[in-house]
Amino acid sequence: FWSHVVEGHRSVSGVPFDEEQLHLDYLHLLAANRVSVHRPTREALPVRTDDRGSPVIDWTLFEETTGKLLDGELFDDVPAATSFRFPMIVDHGDLLSVNDVRRLGSRYLAKKGWDTRAFYYLPDEPLRREYGQVIERSNEVGEFAPNIRRLVTEPYTPALDGHVEIWCPDIISMGDTLRVLPFFYKNGKLNADWQVNRRPSIYAERKAAGDEVWFYTCTSAQIAGYPNLFIDYGISYHRSIPWIAYRYGFTGILHWSTTYNYHFGTKDPWSGQFNYYANGDGNLLYPGTPELEGETGHFAVPSLRLIAFREGSEDYEYLSLLAAAAGELQSGEIAEGMVKSSLHWEKSALVYGQAKALISELLNGLEISPN
């Protein structure tokens, strides 16, 4: 949330700053590093009454920020945003119900053509005994916002068929290494929760059925050293994440936060990064302030991990260009050569650069369609 960024900058610097300009700097930096923000608009959207006295949402703030990001018009040198979280934050008070906001929001997004990039986040990392809650929430969203895709942070399970459009398993649950997880750590305790992780081929079947597949990596990635975005691991751990996505045909990577440490613990990311059992989890940025040597203003500072992730995202883009120009066989072979599984992948940062150079060479010898 934007308030966390403001809090973080004020906690480490007494020099005032223009919040609007700093907000744009953060959005620009993240977009340049291939990150679409869950909720880009700074403030809650206001609700007013129309000429007939009916409550309506004022979408002006949304259009000025999120809308322009989705249309690629907010900045002229970065890609358009690919996703955002629904519903948007609306200051509805007693005028509108939650379902009113869902209904009005989905209709508005459909009219603007932005609904295909919205996703609704179903209850997080549900245990099997919580599937009923997931289905209940999914049904509500399906009734009031039928055009909005529903995402669940869970590996594919037939129990949720028909209630999910975006499957988003944890990296350890993708089914190419750990086939079964008998326990799951949630809410501060270890839960007996038998989970079968079906092989990644199931996601090709889900895509053929019209679903989309993302994945995420967080604290559980420390188990056996999966790719992650923690400080204490080498560059290849970060750059390999988009390669894994390409290897299995996944089209999105979910990350829960980029500025969590701005409002947690010391409130100073420069002096401490340990959250949830790992250094740097949920924090990929740092607050740039005038106190830094050679600086005069406030700005966003990218971590080396974010830059490495962006390099991997560009590798994904190169592979996609090669697939579009020459078919998927060659790009698939390159990806499989780099990634055997989510636990067995190329550890040398140098080799990733060599792989990109090879793809560039192949692309230079092909006629690339502008589309």
Side-chain angles (χ1 to χ4, degrees), residues 30-36 70 72 75-83 116-117 166-169 171 174-176 199-217 226-229 234-255 305-371:
L30 287 167
N33 285 281
R34 305 304 191 266
V35 176
S36 293
L70 294 167
F75 309 110
D76 60 8
D77 59 344
V78 298
T82 58
S83 64
T116 57
R117 280 175 281 176
I166 305 176
W167 300 94
C168 189
I171 194 169
M174 287 169 51
D176 61 350
R199 294 189 183 278
S201 58
I202 190 65
Y203 297 112
E205 296 177 16
R206 297 318 309 163
K207 288 177 63 179
D211 291 346
E212 193 169 348
V213 187
W214 301 1
F215 81 100
Y216 67 101
T217 176
Y226 286 87
N228 60 65
L229 288 167
I235 290 294
S236 63
Y237 282 79
H238 322 316
R239 187 165 178 171
S240 62
I241 295 171
W243 278 87
I244 291 173
Y246 191 89
R247 166 74 169 81
Y248 289 123
F250 296 174
T251 53
I253 298 164
L254 181 73
H255 195 60
R305 292 164 291 138
L306 178 58
I307 293 171
F309 176 80
R310 186 253 301 157
E311 290 282 354
S313 298
E314 291 178 350
D315 297 340
Y316 187 111
E317 294 166 2
Y318 273 56
L319 288 163
S320 299
L321 285 172
L322 182 60
E328 296 181 356
L329 179 61
Q330 195 166 34
S331 61
E333 289 178 345
I334 294 173
E336 290 178 19
M338 297 287 288
V339 176
K340 304 301 182 186
S341 73
S342 57
L343 194 54
H344 301 93
W345 37 274
E346 178 56 54
K347 299 298 193 297
S348 170
L350 177 63
V351 175
Y352 287 91
Q354 294 171 343
K356 178 175 281 187
L358 170 62
I359 300 169
S360 298
E361 184 178 342
L362 293 170
L363 288 170
N364 286 333
L366 297 168
E367 183 176 343
I368 307 298
S369 168
N371 296 322

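For this chain, numbers begin at 1 and follow the sequence in order. Atom set for the values below is all heavy atoms of this structure, side chains included, hydrogens, waters and symmetry mates excluded.
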Separation of E333 CD from M338 CE (nearest 0.5 Å):
14.5 Å
Which residue in the set R34, R305, R239, H238 passes side chain to side chain contact (heavy atoms under 4.5 Å, CB included) when paired with R310?
R34
S240 vs E346 side-chain heavy atoms within contact, under 4.5 Å:
no
Working to the nearest 0.5 angstrom, can you tell me the gap between K356 NZ and L363 CG?
11.5 Å
Could you give the distance from NZ (K207) to CD1 (I202), rounded to the nearest 0.5 Å?
13.5 Å
pair F215-P200: side-chain heavy atoms closer than 4.5 Å:
no
For P79 and A31 the tightest heavy-atom approach is CD-O, 3.7 Å
Between S236 and A349, the two heavy atoms sitting closest are CB-N, 4.4 Å
Could you pull out all donor-acceptor pairs under 3.5 Å where a side-chain atom in residues 244-254 meets a protein atom, sequence neighbours excluded?
from : atom 1 : to   : atom 2 : distance (Å)
Y246 : OH     : L319 : O      : 3.4
Y246 : OH     : S331 : OG     : 2.7
R247 : NE     : V339 : O      : 2.9
Y248 : OH     : D176 : OD2    : 2.7
T251 : OG1    : E212 : OE2    : 2.8

Worked check of side chain to side chain contact (heavy atoms under 4.5 Å, CB included) between D315 and I359
CA-CA 9 Å; D315 297 340; I359 300 169; 5.8 Å; no
Kindly indicate whether the side chain of Y318, heavy atoms from C-beta on, has any atom under 4.5 Å from the side chain of L358.
no
Ring pair (Phe, Tyr, Trp, His ring centres under 6.0 Å) assessment of W345 paired with Y237:
CA-CA 9 Å; W345 37 274; Y237 282 79; 4.8 Å; yes
Between the side chain of R117 and the main-chain N/O of A81, is any donor-acceptor distance below 3.5 Å?
yes
Measure from the side-chain N and O atoms of S341 to the backbone N and O of H344, and report whether any donor-acceptor pair falls under 3.5 Å.
yes
Can you confirm whether Q354 is buried at CD, in the sense that more than 12 heavy atoms of other residues, nucleotides or ligands lie under 6.0 Å from that atom?
yes
We want to know whether T82 and S36 form a side-chain donor-acceptor pair, criterion being a heavy-atom distance below 3.5 angstrom.
yes
Are any of the side-chain heavy atoms of L321 and L366 separated by less than 4.5 Å?
no
Where do A308 and I235 come nearest, in terms of heavy atoms and distance?
CB-CG2, 3.8 Å
Any donor-acceptor pair under 3.5 Å linking the side chain of T217 with the backbone of I171?
no
For Y226 and S342, the nearest pair of non-hydrogen atoms, with its separation, is CD2-O, 3.4 Å
So, taking the atom named CG in N33 and the one named CG in L306, what distance separates them when rounded to the nearest 0.5 Å?
4.0 Å
Output yes when a side-chain donor or acceptor of R206 lies under 3.5 Å from a complementary backbone atom of D211, and no otherwise.
no
Quick one: closest heavy-atom pair of S313 and P242, and the distance?
N-CG, 3.4 Å
